[in-house]
Enquirer: 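Sending over a structure as structure tokens; questions will come in a sec.
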Amino acid sequence: AQKITQTQPGMFVQEKEAVTLDCTYDTSDQSYGLFWYKQPSSGEMIFLIYQGSYDEQNATEGRYSLNFQKARKSANLVISASQLGDSAMYFCAMREGDNDMRFGAGTRLTVKP
Amino acid sequence: EPEVTQTPSHQVTQMGQEVILRCVPISNHLYFYWYRQILGQKVEFLVSFYNNEISEKSEIFDDQFSVERPDGSNFTLKIRSTKLEDSAMYFCASSEGGGASETQYFGPGTRLLVL
């Protein structure tokens, strides 16, 4: 069974608009962490934002925020004021306890000028 | 800002040859990882390493693979007798701690092509 599901293979957004990238996860653990990474065309994996399962507030990092809905097991990434440089693959990932990190299939975001 | 580094950035090898991929984790990090990403696919966990031993490995990490921390700074992934299907991007990552809340920082990757 898939642990992390990203249902949007590709998304388009107009420059300066906000965009939401979806991520749902499956776990029976109480303690887990959710992460988003950006992978530009150059290939590196850039950490964006983290949300802990016990965090009551949604995580924010600059233009990135995480819409964490624990009961629905979703952790959507919101990018505000999109920039051309935001065009990349975005991966949602989860770590349960001390176990290995599992990644979703990714969403390719294209920002249109 | 400290970062994970990896060498080489690209490696081309013949099927059946051995390759060693090198990583220098962030200096105060204690947990190290290798992942791979076959072109166009998701990132897959290979192995985690802590206190000079493997703490977890996936089903992908079979006897063909080994990891080592030969000195205080390097962390290596060795692939013995490479196969065509080993062609992928290999990422090293490190984290300060090993729990669910610990962010793993990734290196730029080594793109391996097996011919």
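Per chain, numbering begins at 1; letters A, B, ... match sequence-line order. The model shown is predicted, which means the values in this text are computed figures rather than measured ones.
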Enquirer: Under a 4.5 Å heavy-atom cutoff, which of B/Y105, B/F45, B/Y31, B/Y33 has the most pairs with chain A?
Expert: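 Highest number of pairs under 4.5 Å: B/F45.
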Enquirer: Could you check if a side-chain atom of B/F91 sits within less than 4.5 angstrom of a side-chain atom of A/Q39, using non-hydrogen atoms only?
Expert: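 Sidechains of A/Q39 and B/F91: in contact.
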Enquirer: Considering only heavy atoms and a distance below 4.5 Å, find which of A/E44, A/R108, A/Q51, A/E96 pairs most often with chain B.
Expert: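 Of A/E44, A/R108, A/Q51, A/E96, A/E44 has the most heavy-atom pairs under 4.5 Å with chain B.
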Enquirer: Same hydrophobic cluster for A/V13 and A/L66, using side-chain heavy-atom links shorter than 4.5 Å among ILVMFWY?
Expert: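 In one cluster: yes.
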Enquirer: Around atom NZ of B/K57, are there more than 12 heavy atoms from other residues, nucleotides or ligands closer than 6.0 Å?
Expert: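 Check fails, neighbour count at 12 or below.
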Enquirer: What heavy-atom pair brings B/V43 and A/F103 nearest, and what distance separates the two atoms?
Expert: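 That closest heavy-atom pairing would be O-CB, 3.6 Å.
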Enquirer: Between A/R95 and B/G99, what is the shortest heavy-atom contact and its length?
Expert: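 Nearest pair, atom of A/R95 first, then B/G99: NH1-O, 3.3 Å.
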Enquirer: Starting from A/L84, can I reach A/I79 by hopping between I/L/V/M/F/W/Y residues whose side chains sit under 4.5 Å apart?
Expert: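 Yes, A/I79 and A/L84 fall within the same hydrophobic cluster.
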Enquirer: Kindly give the heavy-atom pair with the smallest separation between A/Y50 and B/S101, and that separation in Å.
Expert: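 Answer, listing the atom of A/Y50 first, then B/S101: OH-CB, 2.9 Å.
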Enquirer: About how many Å separate CD of B/E3 and CD1 of A/I46, when rounded to the nearest 0.5 Å?
Expert: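 One gets 11.0 Å once the value is rounded to the nearest 0.5 Å.
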Enquirer: Should A/Y64 and A/M11 be regarded as members of a common hydrophobic cluster, given that ILVMFWY residues are connected when their side-chain heavy atoms come within less than 4.5 Å of each other, either directly or indirectly?
Expert: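 Yes, one cluster joins them.
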Enquirer: Group every Ile, Leu, Val, Met, Phe, Trp and Tyr by side-chain heavy-atom contacts under 4.5 Å, then state whether B/F65 and B/V47 land in the same group.
Expert: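 Hydrophobic grouping puts B/F65 with B/V47.
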Enquirer: Is B/Y35 in contact with chain A via its backbone, its side chain, both, or neither, using a 4.5 Å heavy-atom distance?
Expert: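 Only the side chain of B/Y35 comes within 4.5 Å of chain A.
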Enquirer: Can you tell me if A/K16 has over 12 outside heavy atoms packed within less than 6.0 Å of its NZ?
Expert: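 No.
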Enquirer: Quick one: what part of B/S48 sits under 4.5 Å from any heavy atom of chain A, side chain, backbone, both or neither?
Expert: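 Neither part.
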Enquirer: Would you mind checking which part of B/Q104 comes under 4.5 Å of any heavy atom in chain A, side chain (CB onward), backbone (N, CA, C, O), both or neither?
Expert: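 Both parts, backbone and side chain.
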Enquirer: How about CZ on B/R69, more than 12 heavy atoms from neighbouring residues, nucleotides or ligands closer than 6.0 Å, or not?
Expert: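 Buried by this count: over 12 neighbours within 6.0 Å.
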Enquirer: I'd like to know which of A/G52, A/G106, A/G43 tops the heavy-atom pair count under 4.5 Å against chain B.
Expert: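 Option with the top pair count is A/G43.
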Enquirer: Counting only non-hydrogen atoms closer than 4.5 Å, does A/Y37 touch chain B with its backbone (N, CA, C, O), its side chain (CB onward), both, or neither?
Expert: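 Contact with chain B involves the side chain of A/Y37 alone.
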Enquirer: Kindly work out whether a path of hydrophobic side-chain contacts (I/L/V/M/F/W/Y, heavy atoms less than 4.5 Å apart) joins A/F47 to A/M101.
Expert: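 Linked within one cluster.
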Enquirer: Looking at B/D63, I want to see if its CG is surrounded by more than 12 non-hydrogen atoms of other residues, nucleotides or ligands under 6.0 Å.
Expert: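 For B/D63, atom CG is not crowded (no more than 12 foreign heavy atoms under 6.0 Å).
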Enquirer: First locate atom CD of B/Q37, then atom CE of A/M89, and finally report the distance between them rounded to the nearest 0.5 Å.
Expert: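 Rounded to the nearest 0.5 Å, the CD-CE separation comes out at 7.5 Å.
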